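The next block holds one structure in the form of structure tokens; read it before the comments.
What you are looking at is a predicted structure, and each value in this text was computed from that prediction instead of being measured. All residue numbers refer to positions in the sequence shown, counting from 1.
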Amino acid sequence: MFNQIDRIRRMEALLDEATLVIDELSISCEEGKITPEFIEKFNNIQDKIDILSTYYQGPEWREDFNADCDNLLPPCLKRGVLTEDAVFDLLTDNLVIKEQIQASKNEL
């Protein structure tokens, strides 16, 4: 099992990767470019988003968040995943894209 620092690094990497994809897809959605490739890219990132969602809603995130608040983590550790907004915003954007994909399917 991962130790706390390894877990935070892993979740941070997942957040960075998923954010890049979702940001790109959000722009495509705004431009009305929901293609089969778009949907495939969206589907391919869902496993990573699910891991982040489970982490964010579970006790490990709270444990890591509290360790950060108590200054128990190395100062050089990247920790955007421990902000309350980063993962929440990603999950919200992901849901919006999912709804837009569904709406585009209903229009066909």
Side-chain angles (χ1 to χ4, degrees):
M1 191 63 190
F2 290 102
N3 71 35
Q4 187 172 44
I5 292 172
D6 289 339
R7 178 176 59 231
I8 293 168
R9 286 183 178 140
R10 178 174 180 248
M11 294 302 146
E12 187 72 25
L14 290 173
L15 176 64
D16 288 347
E17 181 180 354
T19 298
L20 283 173
V21 171
I22 292 301
D23 286 351
E24 177 186 334
L25 294 177
S26 291
I27 292 168
S28 293
C29 268
E30 290 171 9
E31 296 171 351
K33 298 178 182 175
I34 299 178
T35 64
E37 294 81 15
F38 171 100
I39 294 170
E40 180 179 355
K41 195 170 203 176
F42 177 80
N43 289 336
N44 288 341
I45 199 69
Q46 294 309 299
D47 287 344
K48 293 176 182 181
I49 290 175
D50 288 345
I51 291 168
L52 279 167
S53 178
T54 299
Y55 169 69
Y56 182 66
Q57 296 174 34
E60 289 178 331
W61 182 88
R62 178 59 57 192
E63 177 185 323
D64 297 345
F65 177 80
N66 288 336
D68 188 32
C69 290
D70 293 339
N71 295 316
L72 299 175
L73 301 175
C76 60
L77 180 65
K78 188 175 176 191
R79 58 177 51 93
V81 74
L82 299 181
T83 65
E84 294 187 54
D85 292 340
V87 178
F88 179 81
D89 290 348
L90 174 71
L91 297 175
T92 300
D93 292 345
N94 189 64
L95 181 59
V96 168
I97 292 170
K98 184 176 183 177
E99 290 170 351
Q100 290 175 337
I101 290 171
Q102 189 59 45
S104 74
K105 288 179 180 178
N106 291 340
E107 292 174 1
L108 297 177

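Side-chain contact check for Ile101 versus Phe38: some heavy-atom pair is nearer than 4.5 Å. Looking at heavy atoms from C-beta onward, Arg9 lies in side-chain contact with Ile5 at the 4.5 angstrom threshold. Inter-residue side-chain proximity for Val87 and Tyr55 is flagged as unmet; no heavy-atom pair is nearer than 4.5 Å. You'll find the side chain of Leu15 stays beyond 4.5 Å of the side chain of Tyr56, heavy atoms only.
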* To do: Could you walk me through whether Thr54 and Glu60 pass the side chain to side chain contact (heavy atoms under 4.5 Å, CB included) test, one step at a time?
  => CA-CA 9 Å; Thr54 299; Glu60 289 178 331; over 6 Å; no
* To do: Check step by step if side chain to side chain contact (heavy atoms under 4.5 Å, CB included) holds for Cys29 and Ile34.
  => CA-CA 6 Å; Cys29 268; Ile34 299 178; 4.0 Å; yes
* Before giving the answer on side chain to side chain contact (heavy atoms under 4.5 Å, CB included), spell out for Gln100 and Val96 the whole-Å C-alpha distance, their side-chain angles and the decisive distance to 0.1 Å. => CA-CA 6 Å; Gln100 290 175 337; Val96 168; 4.0 Å; yes
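Note that CE of Met11 and NZ of Lys78 are 14.5 Å apart. Values are rounded to the nearest 0.5 Å. Here the CG-OG1 distance, from Leu52 to Thr19, works out to 8.0 Å after rounding to the nearest 0.5 Å. Atom CG in Leu82 sits 7.5 Å away from atom CD in Glu12 (nearest 0.5 Å). A distance of 5.5 Å separates CD1 of Ile51 from CG of Leu14, quoted to the nearest 0.5 Å. Summarising the geometry, atom CD1 belonging to Ile22 is positioned 11.0 Å from atom CD belonging to Glu17; distances are rounded to the nearest 0.5 Å. Rounding to the nearest 0.5 Å gives a distance of 11.0 Å between CD1 of Ile49 and CG of Asn44.
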Name every donor-acceptor pair, under 3.5 Å, that has one atom in a side chain of residues 66-73 and the other anywhere in the protein, sequence neighbours excluded.
residue	atom	partner	partner atom	Å
Asn66	ND2	Arg62	O	3.3
Asp68	OD1	Arg79	NE	2.8

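The side-chain hydrogen bond (donor to acceptor under 3.5 Å, both in side chains) test applied to Lys98 returns no partner, not counting sequence neighbours. Taking Asp64 as the reference, Arg7 meet the salt bridge (Lys or Arg N to Asp or Glu O under 4.0 Å) condition, with sequence neighbours excluded. With sequence neighbours excluded, the residues satisfying side chain to side chain contact (heavy atoms under 4.5 Å, CB included) with Thr92 are Phe88. Qualifying side-chain hydrogen bond (donor to acceptor under 3.5 Å, both in side chains) partners for Glu84, counting only residues two or more places apart in sequence or in other chains: none.
Residue Gly80 comes nearest to Ala86 through the heavy atom pair O-CB, 3.4 Å, listed as atom of the first residue, atom of the second, then distance.
Under the ring pair (Phe, Tyr, Trp, His ring centres under 6.0 Å) criterion, the residue pairs touching residues 65-86 are Trp61-Phe65, with sequence neighbours excluded.
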